[in-house]
Amino acid sequence: MVMHMTLHVAVVGASGAAGGEALRLLSANENLDITHLMAHSSAGSRLGEHHPHLRALADRVIEKTDVAKLADVDVAILALPHGASGEIAAQLPETVRVFDAGADHRLASAEDWQTYYGSEHSGTWPYGLPELLHAGEKTAAKQREILASATRVAVPGCNVTAVTLATQPGALLQDKVDFSELVATLAVGYSGAGKALKPHLMALAAQSNAAPYAVGGSHRHIPEIEQNLRTAGVEDPTVAFTPILVPMNRGILASVTLPTTASAAELREVWEAVYADEPFVHVLPEGIWPTTQAVQGSNIATVQVTKDEHSGHLIAMCAIDNLVKGTAGGLIQSMNIALGLPETSGLPTEGTP
């Protein structure tokens with residue numbers, strides 16, 4: 001059933017990059033009233049000081065995060081750094097639907113959380129990637145069923161979304177695709193690192209420079225990617241993951257290789273079948289490869305797959321806007337499903353090159 005009432009929404013972390021993008025998209029949804037803008041260090045300032053492009057909300061004053069006020073809204077969006085949302089979420093009643101853009105509730109394994117994040121695990125929530133396959137299934141119907149009844153949703157990491165969408169159809173060809181040797185190299189825009197003032201994230205360091213980070217198996221998105229592939233039915237995935245900051249504001253271009261005995265035609269047939277009815281995942285025409293500019297500002301993921309006959313490897317690529325499909329757009333897409341709204345409501349499909 002589609003709701004036609006006005007729902008009251010609070011955004012915590014409103015001054016950050018993810019919070020600002022969530023507000024941009026929420027403003028386009030006529031079913032929602034943005035009741036509270038909250039944050040910690042920026043409380044008391046006007047939103048326009050942090051997001052001058054959000055003109056309709058620019059004069060709103062950011063409130064100090066207040067759990068009591070959050071308990072009275074219909075939807076709470078937590079756009080906070082990892083480790084910050086678990087304590088807040090634990091205090092909210094089940095009557096409030098909570099969507100966490102941070103990492104606190106993504107991982108099913110407490111051991112993985114402690115290994116990669118080094119703190120106490122906050123628990124596991126339904127996973128906010130509507131396109132996620134489940135073992136043996138050729139569509140993501142089961143994942144959408146899970147989200148349709150969810151009151152708590154953990155939004156995926158942006159890199160995770162790109163790698164998962166690029167590769168998960170290969171789970172249907174496991175006898176011909178070797179997921180024990182998955183190598184993913186990602187070009188990532190600087191907005192993926194948030195708005196913290198760190199020397200290596202400032203313009204002087206970023207301009208005309210490509211810089212790898214979290215090299216050697218240390219990136220926190222690795223266990224999340226492997227978790228998604230296991231959900232899709234891959235028995236024992238192993239991911240070698242290297243992100244590279246490149247001088248662009250937003251966007252992710254994921255390039256993934258896996259050994260395969262499948263033909264290029266077999267691969268393409270499976271990828272096209274899996275995503276045939278997906279509103280936000282487009283398999284590009286043969287020979288056309290994803291680019292970040294083409295998806296900038298949209299909730300679209302573009303995907304391509306082929307076989308390198310010389311090396312015997314599958315090559316899959318995916319381009320997304322890390323702030324939209326990779327974070328705020330994916331959150332709102334999941335929120336729409338959970339609230340009974342049209343899945344595409346308020347989400348742009350046209351890019352802004």
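Numbering of residues begins at 1 and proceeds along the displayed sequence. Quantities reported herein were computed from a predicted structural model and do not represent experimental measurements.
- Between the CG atom of Leu186 and the CD1 atom of Ile320 there is a distance of 8.5 Å, given to the nearest 0.5 Å.
- Between Leu23 and Leu57, some side-chain heavy-atom pair lies under the 4.5 Å cut-off.
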Problem set entry | ring pair (Phe, Tyr, Trp, His ring centres under 6.0 Å) between His219 and Tyr213, intermediate numbers included | CA-CA 8 Å; His219 198 286; Tyr213 64 101; 5.7 Å; yes

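- If you chain together hydrophobic residues whose side chains sit under 4.5 Å apart, Leu165 and Phe241 fall into the same group.
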Exercise. After noting the C-alpha distance and the side-chain angles of Arg60 and Arg46, does the key distance pass the side chain to side chain contact (heavy atoms under 4.5 Å, CB included) rule?
Worked result: CA-CA 6 Å; Arg60 295 274 294 271; Arg46 292 185 308 108; over 6 Å; no

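- Residues His36 and Val73 meet the side-chain proximity criterion, which asks for heavy atoms closer than 4.5 Å.
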Problem set entry | salt bridge (charged side-chain N to carboxylate O under 4.0 Å, His left out) between Glu94 and Arg152, worked out | CA-CA 8 Å; Glu94 285 296 314; Arg152 300 288 187 271; 3.8 Å; yes

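- For the pair Gln227 (side chain) and Leu107 (backbone), a donor-acceptor distance under 3.5 Å is absent.
- The CG atom of Leu80 sits 8.5 Å away from atom CG of Asp104, with the distance rounded to the nearest 0.5 Å.
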For this session: Evaluate the side chain to side chain contact (heavy atoms under 4.5 Å, CB included) criterion for residues Val98 and Thr151: first the C-alpha distance (whole Å), next the side-chain angles of each, then the deciding distance (0.1 Å), finally the verdict.
Result: CA-CA 6 Å; Val98 185; Thr151 61; over 6 Å; no

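- Closest of all the heavy-atom pairs between Leu173 and Ala262 is CD1-CB, 4.5 Å.
- Heavy atoms only, all atoms of each residue included: Trp289 and Ile315 are closest at CH2-O, 4.2 Å.
- Closest heavy-atom contact between Thr124 and Ala108: OG1-CA, 3.3 Å.
- Residues Val155 and Ile88 are members of separate hydrophobic clusters, defined by side-chain heavy-atom contacts under 4.5 angstrom among Ile, Leu, Val, Met, Phe, Trp and Tyr.
- One distance of note links CG of Leu339 with OG of Ser334; it measures 10.5 Å at 0.5 Å rounding.
- Between the Ser298 side chain and the Gly351 main chain, no donor and acceptor come within less than 3.5 Å of each other.
- Using a 4.5 Å cut-off on side-chain heavy atoms (C-beta onward), Gln143 and Pro130 make no contact.
- A donor-acceptor distance shorter than 3.5 angstrom exists from the side chain of Gln91 to the backbone of Glu87, with no hydrogens or angles considered.
- Looking at heavy atoms from C-beta onward, Phe179 lies out of side-chain contact with Arg230 at the 4.5 angstrom threshold.
- Side-chain N or O atoms of Glu21 include none that pairs as donor or acceptor with a backbone N or O of Gly16 at under 3.5 Å.
- The ring of His221 has its center no closer than 6.0 angstrom to the ring center of Tyr116.
- Annotation: the span from Glu343 atom CD to Phe280 atom CZ amounts to 6.5 Å, rounded to 0.5 Å.
- The shortest side-chain heavy-atom distance between Val9 and Thr35 does not fall under the 4.5 Å cut-off.
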For this session: Could you please spell out the steps behind the side chain to side chain donor-acceptor pair (under 3.5 Å) verdict for Asp112 and Thr115?
Result: CA-CA 5 Å; Asp112 281 345; Thr115 297; 5.3 Å; no

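- Between the Ser345 side chain and the Leu341 main chain, no donor and acceptor come within less than 3.5 Å of each other.
- A distance of 11.5 Å separates CG of Asn249 from OH of Tyr190, quoted to the nearest 0.5 Å.
- The distance from the OG1 atom of Thr242 to the CG atom of Asn159 is 11.0 Å, given to the nearest 0.5 Å.
- Leu47 and Leu78 end up in different hydrophobic clusters when Ile, Leu, Val, Met, Phe, Trp and Tyr side chains are linked at under 4.5 Å.
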For this session: Please assess Arg144 against Glu278 for the test salt bridge (charged side-chain N to carboxylate O under 4.0 Å, His left out), listing each intermediate value before the final yes or no.
Result: CA-CA 12 Å; Arg144 287 182 166 89; Glu278 289 294 344; 2.6 Å; yes

For this session: Determine, step by step, whether Met38 and Asp66 satisfy the side chain to side chain contact (heavy atoms under 4.5 Å, CB included) criterion, reporting the C-alpha distance in whole Å, the side-chain angles of both residues, the deciding distance to 0.1 Å, and the verdict.
Result: CA-CA 8 Å; Met38 295 182 177; Asp66 186 331; 4.2 Å; yes

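- Ring planes of Trp113 and Tyr117: parallel class, angle under 30° (limits at 30 and 60°).
- Looking only at distances, no side-chain donor or acceptor of Asp33 sits under 3.5 Å from a matching main-chain atom of Leu7.
- Residue Gln293 places its CD atom among 12 or fewer non-hydrogen atoms of other residues, nucleotides or ligands, all under 6.0 Å distant.
- In the hydrophobic clustering of ILVMFWY residues, with side-chain heavy atoms under 4.5 Å counting as a link, Val153 and Val75 come out together.
- Put simply, the side chain of Ile332 does not reach to within 4.5 Å of the side chain of Phe99, judged on heavy atoms.
- For the residue pair Ile244 and Thr185, the shortest heavy atom distance occurs at CD1-CG2, 3.9 Å.
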For this session: Given side chain to side chain contact (heavy atoms under 4.5 Å, CB included), test Val256 with Met317 step by step and report yes or no.
Result: CA-CA 6 Å; Val256 187; Met317 288 190 177; over 6 Å; no

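- Counting non-hydrogen atoms of other residues, nucleotides and ligands closer than 6.0 Å to CD of Gln174 gives a total above 12.
- Side chains of Lys64 and His40: a donor on one and an acceptor on the other come within 3.5 Å.
- In this structure, Gln168 contributes its side chain and Glu131 its backbone to a donor-acceptor pair below 3.5 Å.
- Shown here for Leu284 and Gln304, the closest heavy-atom pair between the two residues is O-NE2, 3.3 Å.
- Judged by distance alone, with hydrogens and angles left aside, the side-chain atoms of Thr327 form no donor-acceptor pair with the main-chain N or O of Val324 at under 3.5 Å.
- With a 6.0 Å radius and a threshold of 12 heavy atoms from other residues, nucleotides or ligands, Glu269 has its CD atom at or below the threshold.
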Exercise. Please walk me through it: do Lys176 and Glu266 pass salt bridge (charged side-chain N to carboxylate O under 4.0 Å, His left out)?
Worked result: CA-CA 10 Å; Lys176 296 183 177 183; Glu266 286 179 288; 2.5 Å; yes

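- Looking only at distances, a side-chain donor or acceptor of Arg97 sits under 3.5 Å from a matching main-chain atom of Ala338.
- Within 6.0 Å of CG on Asp277 lie no more than 12 heavy atoms contributed by other residues, nucleotides or ligands.
- Between the side chain of Asn299 and the main chain of Pro348, no donor-acceptor pair closer than 3.5 Å is present.
- Considering every non-hydrogen atom in both Val188 and Pro243, the closest pair reads CG2-CB, 4.2 Å.
- We find that Glu137 and Lys142 are not joined by a salt bridge, their nearest charged nitrogen and carboxylate oxygen being 4.0 Å or further apart.
- Between Thr260 and His313 the shortest side-chain heavy-atom distance does not fall below 4.5 Å.
- Looking at Asn228 and Val160, their side chains come closer than 4.5 Å, going by heavy atoms from C-beta outward.
- Hydrophobic clustering of Ile, Leu, Val, Met, Phe, Trp and Tyr side chains at less than 4.5 Å, counting indirect connections, keeps Leu132 apart from Trp125.
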